[in-house]
Amino acid sequence: MTDYAAIILAGGRSSRLGGTSKATLRSGGEPLLEVVLDAVRAARTRVVVGEAPVPDDVILTQEEPRYAGPAAAVVAGLAAVLSTGSAPAWCVVLACDLPGVREGVPLLLDAVETASGAERSGGRDGWCLTDESGRRQWLFSIVRTEPLERAAHELGDPTGAPMGRLFSHLDLEEIAAPASVTADVDTWQDAARWLQP
């Protein structure tokens, strides 16, 4: 079994949802954040970056300044993981608005375990899912903790930095996945299409 921490981004203004928190949207009767937390229940450490109610065994932190962007949130989440004093070798990085997360996380973990079993992981820093158009989903990835820490250091001030700039320092392999897995919820139209009743 892959030993990993999970960093879940649950901040942002949700402006296209009229300010409604994505974390609280419900799919199959559950808040999306709970769906994501359940998908990574085997993680050694789970960190939520943002403002949301979380279980007692989940670390809650916030990027500084607030709304500094997803790269800043990942850096804040990584700092929380490292502060535990026993960071695992891998970090799963996720958004909180992924209805297909329970199908997507096993794809990431299977990639690590298959590569380790075949002894061919080499210098690869991790994997990220791609949507049907081939676009990388940075917030649906698994990354080695040490390279992620180096990438955060090389980035410098993460305020306002795009995710692609943070992850440009990493050697990630792509895993193609269907839209039902990679879809996120940015608008009410997305919610109507992807959230289960």
Side-chain angles (χ1 to χ4, degrees), residues 4-17 21-23 25 27 31-40 43 45-52 54 58 60-63 67-81 90-109 111-112 125-145 147-148 151-152 155 158-170 172-187 190-191 194-195:
Y4 70 97
I7 300 170
I8 302 163
L9 275 58
R13 291 184 172 88
S14 299
S15 56
R16 286 184 283 176
L17 289 169
S21 170
K22 296 178 181 182
L25 295 175
S27 184
L32 273 179
L33 180 56
E34 290 184 16
V35 174
V36 176
L37 285 169
D38 179 67
V40 291
T45 304
R46 295 182 295 174
V47 175
V48 170
V49 185
E51 294 183 356
V54 297
V58 173
L60 184 65
T61 191
Q62 180 75 60
E63 76 274 19
Y67 303 133
V74 171
V75 171
L78 176 63
V81 170
W90 295 92
C91 286
V92 170
V93 180
L94 301 168
C96 72
D97 60 340
L98 300 169
V101 68
R102 288 185 175 118
E103 290 74 40
V105 167
L107 297 177
L108 298 172
L109 298 176
V112 173
D125 294 328
W127 288 261
C128 71
L129 299 191
T130 61
D131 63 19
E132 292 180 327
S133 69
R135 186 168 55 107
R136 288 188 170 194
Q137 303 298 299
W138 303 120
L139 298 180
F140 217 143
S141 61
I142 187 166
V143 184
R144 289 185 191 275
T145 304
L148 182 58
L155 177 64
T159 303
M163 280 296 301
R165 196 167 136 218
L166 172 63
F167 276 32
S168 67
H169 299 284
L170 301 170
L172 302 182
E173 186 168 321
E174 299 175 354
I175 302 172
S180 60
V181 172
T182 60
D184 57 6
V185 180
D186 291 325
T187 66
D190 293 338
W194 299 113
L195 297 183

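In this structure, L148 and C91 approach most closely via the heavy-atom pair CD2-CB, 4.3 Å. Residue P147 comes nearest to D125 through the heavy atom pair CG-OD1, 3.4 Å, listed as atom of the first residue, atom of the second, then distance. Nearest heavy atom pair, residue H169 against residue A151, reads CB-CB, 3.8 Å. The heavy-atom pair separating R46 from D38 by the smallest distance is NH1-N, 4.5 Å. Among all heavy-atom pairs drawn from V101 and V36, the shortest one is CG1-CA, 3.8 Å. Across all non-hydrogen atoms, the minimal contact from L129 to A177 is CD1-CB, 4.2 Å.
C96 SG to L9 CG: the interatomic distance, rounded to the nearest 0.5 Å, is 8.0 Å. Separation of atoms CH2 (W194) and OG1 (T182) is listed at 7.5 Å; rounding is to 0.5 Å. With rounding to the nearest 0.5 angstrom, the CG atom of L98 is 9.0 Å from the NZ atom of K22. Going from atom CG of L172 over to atom CH2 of W138 covers 6.0 Å, rounded to the nearest 0.5 Å. Note that CG of L32 is 11.5 Å distant from CD1 of I8, once rounded to the nearest 0.5 Å. Here the straight-line distance linking atom CD1 of I142 with atom CG of L94 works out to 9.5 Å at 0.5 Å rounding.
Taking the six-membered ring where the residue is Trp, W127 and W90 present tilted rings, their angle falling between 30° and 60°.
Side chain of D184 to main chain of D97: no donor-acceptor pair is present (N/O by atom type, distance under 3.5 Å, no hydrogens or angles).
Side-chain contact between V75 and E63 is absent, with no heavy-atom pair separated by less than 4.5 Å.
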- Task: Determine, stepwise, if the pair S141 / F167 fulfils side-chain contact (heavy atoms from CB on, under 4.5 Å).
- Result: CA-CA 10 Å; S141 61; F167 276 32; 3.5 Å; yes
